Amino acid sequence: MMGGTQMTVKIWYKVMKRLSPIKVLLSSAGLALLFAAADPSPAQAGETVHGLRQAGWVLVEKSEHDEWHMGVAPYENISRLVYVVKYTLRKEGKTMICTLERDVMLDTAKQTCAPAK
């Protein structure tokens, strides 16, 4: 015969075993929604070079250059390369400037688009 504590532990284990995938799924979905809402990227707004071109904007100019910055700790003495590409797009008399920055050391890419001034 099983004691009360052992029975409770067995029942709890069975319940948790069944609910575990649901909890994991709900937690993952909740975190995904939280991060998506916290970081609105230009891609979500459709303001990327690709998104604008799909919307009928025409690429009229593209320029590229390298920028060298100080390294990030613990690599302060190593120069950090940031590759920058600037796109100018036009549609119906309006002009948009998009900038794509690729940081080699940090392994990041950032794209911003804004109306030309």
Side-chain angles (χ1 to χ4, degrees):
M1 181 129 202
M2 222 181 269
T5 306
Q6 287 179 331
M7 182 80 120
T8 304
V9 169
K10 278 196 157 205
I11 292 171
W12 178 81
Y13 178 75
K14 286 181 180 181
V15 169
M16 290 308 292
K17 191 174 179 182
R18 286 187 181 168
L19 293 179
S20 183
I22 293 171
K23 285 184 178 181
V24 170
L25 179 64
L26 291 175
S27 298
S28 300
L31 286 174
L33 289 173
L34 178 66
F35 286 122
D39 184 25
S41 66
Q44 292 173 340
E47 291 190 349
T48 62
V49 173
H50 179 72
L52 291 171
R53 294 198 61 194
Q54 292 292 327
W57 290 75
V58 178
L59 180 64
V60 293
E61 185 180 344
K62 176 183 172 184
S63 61
E64 306 170 4
H65 67 276
D66 295 340
E67 293 180 1
W68 293 93
H69 299 275
M70 295 287 297
V72 179
Y75 307 106
E76 297 94 346
N77 297 327
I78 300 174
S79 296
R80 189 174 95 226
L81 171 64
V82 178
Y83 179 67
V84 181
V85 183
K86 185 176 176 181
Y87 300 92
T88 305
L89 299 108
R90 286 203 183 109
K91 178 181 177 183
E92 300 172 358
K94 297 177 185 174
T95 304
M96 290 284 281
I97 306 292
C98 295
T99 305
L100 175 63
E101 298 177 359
R102 172 78 169 100
D103 190 319
V104 175
M105 181 181 276
L106 298 177
D107 193 26
T108 58
K110 180 175 87 171
Q111 186 169 173
T112 57
C113 293
K117 296 177 184 176

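Along the sequence shown, residues are numbered consecutively beginning with 1. No hydrogens, no waters, no symmetry mates; every other heavy atom, side chains included, goes into these values. Small disclaimer: the values here were computed from a predicted structure and weren't measured.
The CD1 atom of I97 sits 7.5 Å away from the CD atom of E61 when rounded to the nearest 0.5 Å. Annotation: the span from Y83 atom OH to E67 atom CD amounts to 12.0 Å, rounded to 0.5 Å. Separation of atoms CD (E101) and OG1 (T108) is listed at 8.5 Å; rounding is to 0.5 Å. Between atom CE of residue M96 and atom OG1 of residue T88 there is a gap of 11.0 Å, rounded to the nearest 0.5 Å. Separating the OG atom in S79 from the NE2 atom in H69 is a distance of 10.5 Å, to the nearest 0.5 Å. To the nearest 0.5 Å, the span separating CH2 on W57 from OG1 on T95 amounts to 7.0 Å.
One hydrophobic cluster, built from ILVMFWY side chains closer than 4.5 Å, cannot hold both V85 and L81; they sit in different ones.
Y87 pairs in a side-chain contact (heavy atoms from CB on, under 4.5 Å) with only one of the listed residues (Q111, E64, R53, K62), which is K62.
The shortest non-hydrogen separation linking C113 to V49 is SG-N, 4.4 Å. Taking all atoms of both residues into account, the shortest heavy-atom contact from T99 to K86 is OG1-CG, 4.4 Å. The minimum heavy-atom distance linking R80 with G71 is given by the pair CB-CA, 4.2 Å.
Its side chain within the 4.5 Å cluster rule, V82 clusters with V84 among the Ile, Leu, Val, Met, Phe, Trp and Tyr residues.
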Q) Step by step, would you call D107 with R102 a side chain to side chain contact (heavy atoms under 4.5 Å, CB included)? A) CA-CA 7 Å; D107 193 26; R102 172 78 169 100; 2.9 Å; yes
